[in-house]
Amino acid sequence: MTRYSAAEIEARWQDAWDKAGVFRAARDKSKPKYYVLEMFPYPSGRIHMGHVRNYTMGDVIARYKIANGFNVLHPMGWDAFGMPAENAAMASGGHPKDWTYGNIADMRGQMKPLGLSIDWSREFATCDPEYYGQQQALFLDFLDKGLVYRKEAVVNWDPVDMTVLANEQVIDGKGWRSGAEVERRELTQWFFRISDFSGELLEALDGLENWPAKVRTMQENWIGKSRGLQFSFERVDGGQIEVYTTRPDTLLGASFVGISPDHPLARELEAKDPEVAKAVAAMRKGGTTEEAIEKAEKLGHDTGLKVRHPLDPDWELPVWIANFILMDYGTGAIFGVPAHDQRDLDFCRKYDLPVIDTFFALDDPKPVGNEAFVPPKSEKVKWVDHFTGIDVATGQEAIDATIDFAEAQGWGKGVTQYRLRDWGLSRQRYWGCPIPVVHCDACGVVPEKKENLPIRLPDDVSFDVPGNPLDRHPTWRDCACPACGKPARRETDTMDTFVDSSWYFARFTAPRAETPTVMEEAEYWMNVDQYIGGIEHAILHLLYSRFFARAMHICGHLPEKSKEPFDALFTQGMVTHAIYQTRDANGRPVYHYPEEVELRDGKAFLKDGREVEIVPSAKMSKSKMNVVDPINIISSFGADTARWFVLSDSPPERDVEWTASGAEAAFKHLSRVWRIASDAAGSDAPASDADEALAREMHKAIHDVTMGIESFGFNAAIARLYAFTNAIQKSQAGAEAKRAALRVLAQLMSPMTPHLSESVWEMLGGQGLVINAPWPRADEAMLVEESVTMPIQINGKRRAEISVAKDMDKAEVEKLALATDAVQRALDGGSPKKVIVVPGRIVNVVV
RNA sequence: GCGGGCGUGAUGGAAUGGUAGACAUAUCGGACUUAAAAUCCGAAGGGGGAAACCCCGUGUGGGUUCGAGUCCCACCGCCCGCACCA
């Protein structure tokens, strides 16, 4: 008998699959297609357990679909542009390109041993000129269709490093390298018109039935549809201020009009009044994220201007500039109702403005103090002399009535607003896809000609000086204007890396094409039947991809059906691990790698005997030293063990805790399967009475495991496989019956542990490769037992059980049930009030 | 605050409204062994009892039902997302 040697068989079978070309995807109209895709990785250089779990799940689906006769596309690539490469270049001097391609080679080398069913011939990286050149072509098509435009937008500016900062480079309002206080600056930048699609992107969410409800809700909130009233306040000194409100019903509670520091009126006042300029400058300090703006202290400046209330010309309201009002939302101006909005109330209390109640709770009509009264819009409230004549009504009813009233009177109109803003794609960095336009003194902004694509990044750049190397490159910027031929300058901004990941799934259908996609291939392979990735991409990546699919359809790069490119989405949980920590003299935690720790009786100790605190289930992170390197696991146990474990312990959508004991148990189990198979291969035990029972077990296992895989219940499928293995091991069946059961076991395990399964299949005389064997089918007749054990309940509690023929009629079952000791005791000579018999399931006697 | 999700043994977790705790980990006992490892067999929700067996038990309290971990209502706790969004 040979021992289970993962290293040996895994290399051998990967080689065999490679030689047989089993994962090469080619169009084949005679077969149904299936496109399974896991979110492609950023090439950091090391794979981690999260990757292993993500790709294993995709691999289970892919291999299962192959066995079910589908023509499967299962590709892999690299999300390869982005700041880490530039940061690495700044820190240690190399070139982002070398760093990135080196990392890709390393990671590919770490992934291949996992034995994934990937068609590596389709692999690409988004930093390949062949890929980003096609992305530039898409950009030009989008430009042509009016889906991209330029406008002024605010960026984070580091005044010491003289560079634009990404949000993640702003820490507590300061630049990450310089430590200087970040300012907001305006630059002219490119934008995708995603907000034109707000309504469509929102409505189409309803059709995404195989997406998690959670993700749909998150996108719904992000798009943020609201209906409100838009109208203008007349300024006492002439002119108007247009406002948008979702609570027009509270108009009588207004105590001021607020405008954003970026509002045109604020700009106008800023230019001529140094007081205003000073106040506005203070409001512009800090980062550009909404979070940063929110966390800033509330600041206001009274402009001295007054506006007239639309319902009462004698009622004048002051106009304030306030830092919590966003120019991007609505009209950049509001009216403040402190009684029914906490921000407005805080503002009014700070600057001593009046607070006017417009409605009260039905049961508690008390004036607002320091807490705004904001009941749900569906709750009925008592109104204070409302101008539309409303007395008791819900907020929503009052809002609708107010919009109708304003429209009838002609001073306002109902408007639907979306929170979703256009997608700014310009980045002032080197390691990204160059935006293919040219700036000409004579012609302005001119798109590059398609025949000049790709516009390649220059290789001769350095990162020893802050700022964008493209900007200070001696020659790269110089070019001829595509329109007039005179000397002109290239755009030096590159694209947001979210652009790269917004269409890679389409590119996989024709990865070497000279156009972004090939319609014939896209028609055949799209859509992605199953997309798998982390919940952290619930909003941006998935929303941008949905927009891109629509835009690509408009430009003729994707078929109509691909406007929603992902038919089904699955979001998997993280791989977590306990954190082991001790404390230093100041009580701060000191972390320890799992390898440095010994576990005894549920406690952990260092080598020197000191006890270690265990913090359970935290996301694996290098800084907390609670990482387990998949490479170490593969070299000590093999890929099949790693694959089996990441699927076995928790439902796939939940986090799974990596434990050394669990990994060892997985390995022990696979070794046991090997041993059982190897025993059965050499056995000549004659057929026996137990054969039939084992065959029944086998068909039940086929049924349950199939259901488990179909429903993403991988952990349940694995539990079932454990049980089936136990049944085979304990069975007294003959050699042939055992071998048949083990061949099926190999097939059922093959999506999770493909290498071991091939070996077991081979040992037991399976034909060809198990990857090419059709998925076993459960014989329905074998699933039903002739006799069943029926529990007997008395008043809903289980008290006894009887074994009866499967098809015994109800009256017969009832008679047997009533005759049991337990029931006789409970009846105590009386007769039951009621007897429920559910055939084949249960008997309940009510006494 | 709003939206979503989740609360089951020591632990991870199973349970189309029908035997709660499958399967696995940790634990304990036994076999094999000079011994250990590996392997195999077995025990194990809590309480009571010599035993047959009985009582209690899926965060808490109610409800629907012959029957509720599962459905409904309220509450408590935890997790995630969003938010000065007008």
Side-chain angles (χ1 to χ4, degrees), chain A residues 212-222 224 226 228-229 243-248 250 258 260 290-291 293-296 298 322-326 328-337 341-347 372 374 376 417-419 421 535-536 538-539 599 601-602 616-617 645 648-651 653-657 659-666 668-669 671-672 675 704 707 713 715-726 729-730 789-801 821-822 825 832-838 840-847:
Chain A
K214 181 183 180 142
V215 173
R216 287 185 305 188
T217 307
M218 284 165 75
Q219 292 215 353
E220 197 179 313
N221 292 339
W222 188 261
S226 65
L229 183 71
V243 298
Y244 171 74
T245 178
T246 54
R247 289 310 297 261
T250 62
S260 163
E290 292 184 2
E291 191 191 0
I293 293 168
E294 286 150 23
K295 278 189 182 154
K298 259 182 215 78
N323 65 342
F324 64 86
I325 300 168
L326 305 174
D328 288 316
Y329 195 83
T331 60
I334 61 154
F335 62 83
V337 182
D341 185 302
Q342 193 59 46
R343 299 157 293 165
D344 295 348
L345 183 62
D346 295 344
F347 190 80
V374 192
Q417 282 275 356
Y418 295 93
R419 174 185 177 278
R421 285 182 258 156
I535 189 77
E536 67 272 20
I539 298 177
L599 294 171
D601 307 328
S617 287
F645 179 74
S648 66
D649 252 26
S650 289
E653 68 276 12
R654 260 192 250 177
D655 291 351
V656 64
E657 166 113 354
T659 60
S661 58
E664 258 167 63
K668 281 183 191 175
H669 176 71
S671 305
R672 184 162 69 114
R675 211 163 40 241
D704 293 352
M707 298 288 285
N715 59 324
I718 284 182
R720 200 60 193 72
L721 287 165
Y722 270 109
F724 183 37
T725 308
N726 293 343
Q729 186 169 31
K730 290 193 164 80
T789 304
M790 286 180 76
I792 296 170
Q793 296 182 330
I794 295 166
N795 294 335
K797 301 261 182 208
R798 193 189 78 93
R799 287 294 181 259
E801 56 184 39
D821 290 350
R825 249 195 325 271
K833 278 197 194 134
K834 196 170 181 182
V835 180
I836 288 112
V837 179
V838 182
R841 296 230 76 133
I842 203 162
V843 181
N844 191 11
V845 181
V846 187
V847 298

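Every chain is numbered from 1 and lettered A, B, ... according to where its sequence line falls, protein lines coming before strand lines.
Between A14(B) and Asn715(A), a contact under 4.0 Å exists linking OP1 or OP2 to a side-chain N or O. In this model, the phosphate group of C55(B) is approached by a side-chain N or O of Arg799(A) to a distance below 4.0 Å at OP1 or OP2. Listed pair Arg672(A) / U39(B) fails the phosphate criterion, with no side-chain N or O lying under 4.0 Å from OP1 or OP2. Of the side-chain N and O atoms in Arg216(A), none sit less than 4.0 angstrom from OP1 or OP2 of G3(B). Look at Lys834(A) and you'll find a side-chain N or O under 4.0 angstrom from OP1 or OP2 of C66(B). Within the 4.0 Å cut-off from OP1 or OP2 of G13(B), at least one side-chain nitrogen or oxygen of Ser650(A) is found.
Residue-to-nucleotide proximity on RNA chain B shows that, of Tyr722(A) and Gln729(A), the 5′-proximal contact is made by Tyr722(A). In terms of position along RNA chain B, the nucleotide closest to Pro651(A) lies nearer the 5' end than the nucleotide closest to the other residue of the pair Pro651(A) and Gly662(A).
Judged by Watson-Crick or G-U wobble contacts below 3.5 Å, the nucleotide A43(B) has U27(B) as its partner. G81(B) and C2(B) make up a base pair, with Watson-Crick or G-U wobble contacts both under 3.5 Å.
Comparing atom distances between the Ile539(A) side chain and each of C82(B), G12(B), C66(B) picks out C82(B) as nearest. Picking from U25(B), C23(B), C82(B) the nucleotide with the shortest atom distance to the side chain of Ala719(A) gives C23(B). In this structure, the nucleotide among G3(B), U25(B), A83(B) sitting nearest to the side chain of Ser661(A) is U25(B). When distances run from any side-chain atom of Asp341(A) to the nucleotides C85(B), C23(B), A83(B), the shortest one goes to C85(B). Distance from the side chain of Trp222(A) is smallest to A83(B) among A83(B), A24(B), C41(B). Considering only side-chain atoms of Ala723(A), the nucleotide from U19(B), A83(B), C23(B) that sits closest is C23(B). Looking at the side chain of Ile842(A), the nearest of the listed nucleotides A14(B), U19(B), G42(B) is U19(B).
Atom P of nucleotide G3(B) and atom CD1 of Ile535(A) are separated by 19 Å, given to the nearest angstrom. Whole-Å rounding puts the Arg798(A) CZ to G57(B) P distance at 16 Å. Taking atom CZ of Arg419(A) as the reference point, atom P of G81(B) lies 14 Å away to the nearest angstrom. One interatomic measurement links the two molecules: NE2 of His669(A) to C1' of U25(B), which rounds to 14 Å at whole-angstrom precision. For the pair Ile836(A) CD1 and U65(B) C1', the interatomic distance rounds to 9 Å; values are reported in whole Å. Distance Asn221(A) CG to G5(B) C1': 14 Å, rounded to the nearest Å. Regarding Lys214(A), its NZ atom lies at a distance of 9 Å from the P atom of C80(B), rounded to whole Å. Summarising the geometry, the separation between CG on Asp655(A) and C1' on C79(B) is reported as 10 Å, rounded to the nearest angstrom.
For G46(B) and G57(B), the C1' atoms lie 7 Å apart once the distance is rounded to whole Å. Remark: the separation of the C1' atoms in G63(B) and A14(B) is 28 Å, to the nearest Å. Taking the C1' atoms as reference points, C85(B) lies 25 Å from C79(B), given to the whole Å. Remark: the separation of the P atoms in A43(B) and U25(B) is 16 Å, to the nearest Å. Going from the C1' atom of G9(B) to that of U27(B) covers 13 Å, rounded to whole Å.
Side-chain N/O atoms of Asn844(A) and base N/O atoms of C66(B) include a donor-acceptor pair closer than 3.5 Å. One N or O donor and one acceptor, one from the side chain of Arg841(A) and one from the base of U16(B), sit under 3.5 Å apart.
Looking at heavy-atom distances under 4.0 Å, Val838(A) makes contact with a base. No contact: Lys833(A) has no heavy atom under 4.0 Å from any strand. Arg654(A) comes within contact range of the sugar-phosphate backbone alone, with a heavy-atom separation under 4.0 Å but no base atom that close. Here Ile792(A) lies out of heavy-atom contact (under 4.0 Å) with every strand. Residue Asn795(A) is classed as having no contact, given no heavy-atom separation below 4.0 Å to the nucleic acid.
Using cut-offs of 30° and 60° for the angle between ring planes, the Phe324(A) and Phe347(A) rings count as perpendicular.
Note that OG1 of Thr659(A) and CZ of Phe645(A) are 4.0 Å apart. Values are rounded to the nearest 0.5 Å.
A syn orientation is assigned to G9(B), its glycosidic angle lying within 90° of 0.
Counting only distance, with no hydrogens or angles, the side chain of Thr245(A) and the backbone of Leu229(A) share no donor-acceptor pair below 3.5 Å.
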